[in-house]
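See structure below.
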Amino acid sequence: MKTELSKSYEPEQVEEKWFDVWEQRGDFHADENSPKPHYSIVIPPPNVTGVLHMGHALNNTLQDILCRWKRMSGYEVLWMPGTDHAGIATQNVVEKQLAAENMDRHELGRDAFIERVWKWREESGGQIINQLRRLGASCDWQRERFTMDEGLSKAVREVFVSLYDEGLIYRDNRLINWCPRCHTALSDLEVEHDDKQGSLWHLRYPVKGTDRYLSVATTRPETMLGDTAVAVHPDDERYQDLIGQKVQLPLTEREIPIIADEYVDIEFGSGAVKITPAHDFNDFEIGKRHDLDFINILDESGLINENGGSYIGMERYAARTQVVTDLKDLGLLEKVDAYTNAVGECYRCRTTIEPYMSKQWYVAVKSLAAEAINAVESGQTKIVPQQWEKTYYEWMYNIQDWCVSRQIWWGHRIPAWFCNNCGEITVSRDDVSVCKHCSSNDLRQETDVLDTWFSSALWPFSTMGWPDQTQALQKFYPTSCLVTGFDILFFWVARMMMMGTKFMETVPFKEVYIHALVRDAQGQKMSKSKGNVIDPLTIVDEYGADAFRYTLCAFAAMGRDIKLSTDRIGGYRNFVNKLWNASRFALMNLEDFDPAGANLDQLSLSQADQWILSRYAFAAAEVNKALGNYKFNDAASILYSFTWHEFCDWYIELSKGNLYGEDTDVRYSTQVVLFTVLEGLLRMLHPIMPFVTEEIWHALPGERAVSSIMQATYPTTAIISTDDSAVADMELVMDVIRAIRNVRGELDVPPGKKIKVVLDCKSEAVVEAIHVGQEYIHSLARVENLVVGVAVERPRQASTQVAGEVEVLIPLADLINVDEEEARLNKEIDKIKKDVDFFEKKLSNEKFVANAPPQVLEKDRAKLATAVKKREILQQSLEKILTLK
RNA sequence: AGGCACGUAGCUCAGUGGGAGAGCACUUCCCUGACACGGAAGGGGUCGGCGGUUCAAUCCCGCCCGUGCCUACCA
């Protein structure tokens with residue numbers, strides 16, 4: 001079946017058509033019973049609330065390139081897709097909907113609310129999954145998973161209970177990061193720190209029984225309501241006599257002690273620090289050391305509670321203002337300085353978090369981290385680029401226990417039951433109604449749910465059916481690679497590593513490829529809350545998925561940030577079109593061609609054929625090397641220049657004469673090569689540009705052995721071995737063509753004008769090479785009269801150019817302007833003189849000659865000789881020209 | 001404060017211990033039967049600054065300046 005190709009490539013219908021075919025036919029499905037070696041990737045699960053952004057587009061394009069490349073390279077490929085339930089974010093979305101209906105979740109009740117979230121998920125969740133299809137992602141969509149799925153929930157319980165039984169999960173009442181808007185605890189990682197312009201208030205606390213004041217500084221004056229001490233450094237001479245005394249805490253009835261602690265920095269401020277153990281992480285530690293009271297002055301919403309005396313019910317910032325005013329009225333406000341400090345914010349809603357006393361569930365991670373560290377140190381998992389290993393280690397060595405409980409409803413409810421009778425906790429894989437300790441039936445289940453990242457951490461094996469021992473796990477675990485941005489190195493990589501090594505006793509992935517981050521023009525991370533996102537789908541609409549993918553691939557240099565430029569995308573859109581049109585050319589000239597029975601070995605190949613086949617072999621080898629090392633940008637650039645600058649610019653042009661000529665044998669062998677190279681090129685390009693390559697591939701004449709190009713074999717090497725000297729001869733001919741074109745261009749010879757050219761060659765071998773390629777010179781350089789020989793008769797007046805061992809002489813009679821030739825020659829001579837000078841200087845350096853390796857010396861001497869020769873020829877030519885004036 | 005990057009052509013970015021690259025933009029010419037989303041020929045950079053190692057440094061080392069990111073409990 002032949003497809004008529006339109007004049008320019010129109011991506012829309014092609015993309016839609018092929019994706020449907022691929023998916024419906026199950027082309028992406030991984031067979032766990034396949035005898036082929038496996039290659040597996042689990043998608044870093046995007047939030048179910050998410051919409052596709054540039055980061056996803058890059059991340060998934062790279063994964064797709066790897067998967068398609070490996071699939072074509074003989075591997076059974078599993079690319080596991082899915083989403084995570086994004087507890088806080090999803091709950092926020094549905095709560096907003098409720099708010100619009102003047103409801104809140106408490107009116108609805110827990111069960112009804114969760115039902116509502118599921119309904120939201122069915123109707124509008126997981127958009128991102130369909131958006132990935134637009135990019136061409138070849139995930140095994142039949143296996144799509146969600147962290148709240150039954151199977152994955154079972155895995156979560158299994159892990160929770162196992163860790164609890166081992167004593168690696170425990171409860172404790174300590175300070176945590178609390179979001180007063182989301183009403184939940186957050187892990188350290190979920191707090192984002194941002195420098196904020198604030199104030200430093202200096203407060204005066206009266207020392208009991210004296211008329212002295214102790215000055216303390218704070219960025220959060222309202223917390224003074226919960227102060228239970230003032231601390232000074234034990235060695236601070238200013239305050240020796242005060243240690244052990246008390247101050248009267250203003251605005252309250254309380255007297256609090258003055259204590260000595262080495263934490264205090266003598267240099268900072270007055271050297272005295274107010275201590276609020278229930279509202280500051282440092283103060284919490286000091287409070288424990290000195291057995292101070294822990295007075296919580298806030299409620300869950302950040303309002304002052306009953307411990308705040310007359311400030312009760314005030315919002316925390318209103319209380320701040322009021323406290324400052326009141327202190328000022330009492331003459332206890334010493335001064336206020338402008339002050340910048342880092343404020344922690346909720347990563348979901350940007351509300352300033354409060355350190356808050358609360359009883360939470362924790363995972364003791366030290367032992368898990370030790371295994372995860374060992375896995376990287378021992379090379380079981382390789383992080384690429386390697387520089388990220390250092391970051392990974394640094395975080396892992398300093399890791400703190402992980403607060404995993406969240407006070408929300410949407411998520412995996414913690415499988416723990418409190419006994420109202422004996423007060424003990426029962427933790428169980430199955431729901432229980434009887435206390436394990438006292439057999440009472442008076443139980444209530446923990447209302448907290450687990451951190452979403454807890455379930456994400458199990459993703460590499462829970463998606464494959466764990467805790468059941470499935471064939472999928474056997475075949476595809478450990479996964480081959482995880483592709484992710486460094487912003488979630490800790491969220492995902494670290495935690496997946498800990499859980500994988502713990503529960504599978506094997507690393508979850510053999511390699512981790514950390515890619516760049518797509519940022520906006522200011523180098524800021526794109527985020528919904530900043531409003532600086534560009535929708536990748538509008539890019540796909542405008543330029544096509546293939547062009548967009550190619551751009552991302554070309555930009556994916558390791559370790560860098562990406563600032564997307566639409567100009568660049570436009571450039572790759574043109575590239576797609578170039579391929580399209582080159583294919584149109586091929587199809588037009590292959591109408592009478594049947595690839596069946598074609599055998600390159602039995603054909604006599606032209607210079608051009610040999611040349612393009614050798615370039616093909618080079619490109620195939622290089623692109624495999626690049627992809628194997630995650631050098632996506634190298635792969636893109638190798639294929640770009642092979643396609644455009646070698647195949648289109650040269651081979652197609654060179655082939656025209658042979659295709660249009662009389663000689664049917666030559667025409668046939670050219671058709672074979674044209675077909676063969678294009679067909680292989682499409683396969684090489686397919687992982688980066690799946691749609692256009694599939695479309696063209698099916699339009700090629702003849703039958704395909706498999707139903708999709710994605711099942712064809714990826715090129716790795718030469719199609720046939722080529723003759724080096726024929727290739728070199730072709731390159732010489734190309735140099736000659738370039739030399740003639742240079743003269744034509746510089747001397748403004750009209751493109752349509754045919755000219756005479758004399759080629760004075762250094763040897764008969766060169767003459768022979770030119771002879772074989774002279775038709776190329778005629779057509780590509782627009783030459784009508786070509787004289788070739790050794791020491792041929794030279795035109796009396798000619799423009800001169802040098803191409804290797806060939807002197808290119810163009811009789812001036814055909815040229816327009818002697819002045820221009822003079823200018824051109826001067827320019828050329830200046831250029832070559834610089835070369836001569838450079839090498840003469842280098843080679844006259846005795847130390848260089850004495851120390852440089854012989855190959856370098858030899859090479860430079862040869863270069864000098866060539867340059868000198870060229871300079872002489874051009875110089876003589878210039879002198880001749882001057883005699884004409 | 002510590003850690004990690006980055007500073008190369010007008011713009012966006014590759015790259016290497018041995019004479020500086022790409023895409024886009026720019027200049028000149030061309031609608032030659034695949035393609036004007038095109039073709040041909042050109043112009044353009046003392047590779048952030050200063051030192052050091054080396055026969056040789058844009059690349060390795062040190063310092064400095066500038067930018068960005070990550071981690072951190074200075075009130």
Side-chain angles (χ1 to χ4, degrees), chain A residues 5 7-9 193 200 216-220 223 231 263-265 267-276 280-285 339 341-342 355 387-388 390-391 394-395 398 486-487 489-490 517 519 522-525 543 547 551 554-555 557 559-589 633-634 637 640-641 648-649 652-653 656 660 738 741-752 779-782 827 834-835 838-839 842 845-853 855-857 859-860 863 867:
Chain A
L5 300 191
K7 191 167 171 180
S8 64
Y9 176 59
H193 296 271
L200 188 63
V216 296
T218 179
T219 54
R220 296 185 296 155
T223 62
Y263 156 76
V264 181
D265 179 354
E267 306 295 319
F268 190 91
S270 65
V273 189
K274 62 190 273 308
I275 302 299
T276 323
D280 182 280
F281 289 100
N282 295 311
D283 296 3
F284 180 81
E285 295 302 322
Y339 195 73
N341 70 329
Q387 63 189 65
W388 290 108
K390 200 170 170 184
T391 310
E394 200 162 318
W395 190 73
N398 296 311
F486 57 81
D487 52 332
L489 181 62
F490 307 137
L517 230 51
R519 296 177 186 278
Q522 284 72 42
Q524 297 282 307
K525 216 167 126 175
Y543 297 96
T551 311
F555 262 120
R560 295 291 251 110
D561 295 339
I562 293 175
K563 281 185 246 165
L564 263 199
S565 120
T566 50
D567 280 352
R568 186 88 177 242
I569 304 170
Y572 289 111
R573 189 256 328 267
N574 297 351
F575 176 66
V576 176
N577 194 239
K578 188 71 179 176
L579 175 70
W580 180 259
N581 276 291
S583 305
R584 287 211 312 143
F585 168 83
L587 291 176
M588 284 174 179
N589 288 285
N633 58 318
D634 284 356
S637 107
Y640 185 97
S641 62
C648 294
D649 287 351
I652 285 183
E653 295 306 323
K656 283 179 179 172
Y660 299 150
R738 274 189 275 258
R741 284 171 166 179
N742 169 263
V743 172
R744 295 187 64 124
E746 292 285 299
L747 298 192
D748 291 332
V749 177
S779 61
L780 299 200
R782 304 220 152 219
K827 200 162 95 181
K834 275 183 193 159
D835 288 0
F838 178 86
F839 287 106
K842 199 171 174 185
N845 181 342
E846 282 172 34
K847 285 182 178 172
F848 171 68
V849 176
N851 291 298
Q855 316 88 278
V856 173
L857 256 147
K859 226 168 86 185
D860 284 359
K863 282 177 180 173

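Quick note on labels: first sequence line is chain A, next is B, and so on, each numbered from 1.
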Length of the CH2-P vector between W388(A) and A5(B), whole Å: 9 Å
Given atom CH2 of W580(A) and atom C1' of A34(B), what is their separation to the nearest angstrom? 12 Å
Tell me, please, which residues at least two apart from K827(A) pass salt bridge (charged side-chain N to carboxylate O under 4.0 Å, His left out). E746(A)
I652(A) versus A582(A), closest heavy-atom pair with distance: CD1-CB, 3.7 Å
On the 0 to 90° scale, with breaks at 30° and 60°, tag the Y339(A)-F268(A) ring pair as parallel, tilted or perpendicular. perpendicular
What contact category does A582(A) fall into here, base, sugar-phosphate, or nothing, at under 4.0 angstrom with non-hydrogen atoms? base
Can a side chain N or O of Y660(A) be found less than 4.0 Å away from OP1 or OP2 on A34(B)? yes
How far does the P atom of G44(B) sit from the matching atom of A9(B), given to the nearest Å? 15 Å
C1' atoms of U32(B) and A14(B), separation to the nearest Å: 35 Å
Polar atom pairs (N or O), protein with nucleotides 36-39 of chain B, under 3.5 Å:
| from | atom 1 | to | atom 2 | distance (Å) |
| --- | --- | --- | --- | --- |
| C37(B) | O4' | N574(A) | OD1 | 2.9 |
| C37(B) | O2' | N577(A) | OD1 | 3.3 |
| C37(B) | O2 | R573(A) | NE | 3.3 |
| C37(B) | O2 | N574(A) | OD1 | 3.4 |
| G38(B) | OP1 | N574(A) | ND2 | 3.1 |
| G38(B) | O3' | K578(A) | NZ | 3.0 |
| G39(B) | OP1 | K578(A) | NZ | 3.0 |
| G39(B) | OP1 | W644(A) | NE1 | 2.5 |

Represent RNA chain B in dot-bracket notation, 5' to 3'. Only Watson-Crick or G-U wobble pairs with both distances under 3.5 Å count; pseudoknot-style crossings use [ ] and interstrand partners use |. (((((((..((((....[..)))).(((((.......))))).....(((((..]....))))))))))))....
By salt bridge (charged side-chain N to carboxylate O under 4.0 Å, His left out), which residues pair with K842(A), not counting sequence neighbours? D860(A)
By salt bridge (charged side-chain N to carboxylate O under 4.0 Å, His left out), R220(A) pairs with (sequence neighbours left out) D280(A), E354(A)
Tell me: CG of L579(A) to C1' of C35(B), nearest whole Å? 11 Å
Contacts of K863(A) that satisfy salt bridge (charged side-chain N to carboxylate O under 4.0 Å, His left out) - sequence neighbours left out: none
Please identify each residue that fulfils side chain to side chain contact (heavy atoms under 4.5 Å, CB included) with S270(A), with sequence neighbours left out. S215(A), Y239(A), A272(A)
T391(A) versus F486(A): any side-chain heavy-atom pair under 4.5 Å? no
Say we look at A22(B) and A40(B): how far apart would their P atoms be, to the nearest angstrom? 14 Å
Contacts of S641(A) meeting side chain to side chain contact (heavy atoms under 4.5 Å, CB included) (sequence neighbours excluded), chain-then-number -> H645(A)
Integer-rounded Å distance: C13(B) P and Y572(A) OH: 13 Å
Given side chains that start at C-beta, do those of S779(A) and K656(A) come closer than 4.5 Å, heavy atoms only? no
Does a side-chain heavy-atom distance below 4.5 Å link Y572(A) with Y543(A)? no
Send over the distance from I562(A) CD1 to A14(B) C1', rounded to a whole Å. 13 Å
Shorter than 3.5 Å, N or O on both sides, protein versus nucleotides 53-56 of chain B: list them out with atom names.
| from | atom 1 | to | atom 2 | distance (Å) |
| --- | --- | --- | --- | --- |
| C55(B) | O4' | K847(A) | O | 3.3 |
| C55(B) | O4' | N851(A) | ND2 | 3.1 |

Here the distance between atom P of C35(B) and atom CG of N589(A), to the nearest Å, is 12 Å
Which nucleotide in the set C69(B), C4(B), G42(B) lies at the smallest distance from any side-chain heavy atom of Q387(A)? C4(B)
Between C59(B) and G48(B), how far apart are the C1' atoms? Round to whole Å, please. 15 Å
Looking only at the side chain of K390(A) (C-beta and beyond, no hydrogens), which of the listed nucleotides C4(B), A34(B), U32(B) gets closest? C4(B)
Taking atom P in both A1(B) and G43(B), compute the distance separating them and give it to the nearest angstrom. 49 Å
If we ignore hydrogens and angles and just use 3.5 Å, is the side chain of R568(A) paired with the main-chain N or O of T551(A) as donor and acceptor? no
It should be established whether K656(A) places a side-chain nitrogen or oxygen under 4.0 Å from OP1 or OP2 of nucleotide A34(B). yes
Indicate, yes or no, whether a donor-acceptor pair under 3.5 Å links the base of A34(B) to the side chain of E653(A). yes
Taking the P atom in each of U12(B) and A25(B), what is the distance between them to the nearest angstrom? 15 Å
Sequence neighbours left out, what passes side chain to side chain contact (heavy atoms under 4.5 Å, CB included) with N577(A)? Give chain and number order. S8(A), Y9(A), W580(A), N581(A)
Could you check whether I652(A) gets within reach of a base, just the sugar-phosphate, or nothing at all, counting any heavy atom under 4.0 Å? base
List the atom of T223(A), the atom of T276(A), and the distance in Å for their closest heavy-atom pair. O-CG2, 3.3 Å
On a whole-Å scale, what distance lies between the C1' atoms belonging to C11(B) and C26(B)? 12 Å
E746(A) CD to U27(B) P: how many Å, rounded? 17 Å
Sequence neighbours excluded, which residues qualify as side chain to side chain contact (heavy atoms under 4.5 Å, CB included) partners of E394(A)? N398(A)
Provide the distance between the two P atoms, one in A5(B) and one in C37(B), to the nearest whole Å. 43 Å
Listed pairs, N/O of protein and of nucleotides 72-75 of chain B, under 3.5 Å:
| from | atom 1 | to | atom 2 | distance (Å) |
| --- | --- | --- | --- | --- |
| C73(B) | O2' | N282(A) | ND2 | 2.4 |
| C73(B) | N1 | N282(A) | OD1 | 3.1 |
| C73(B) | O2 | N282(A) | OD1 | 2.6 |
| C74(B) | O2 | D265(A) | OD2 | 3.1 |
| A75(B) | OP2 | Y339(A) | OH | 2.5 |
| A75(B) | O2' | A217(A) | O | 2.4 |
| A75(B) | N6 | D265(A) | O | 2.6 |
| A75(B) | N6 | F268(A) | O | 2.8 |
| A75(B) | N1 | D265(A) | N | 3.1 |

To the nearest angstrom, how far is R568(A) atom CZ from C11(B) atom C1'? 11 Å
Check: R744(A) main-chain N/O paired with R782(A) side-chain donor or acceptor under 3.5 Å: no
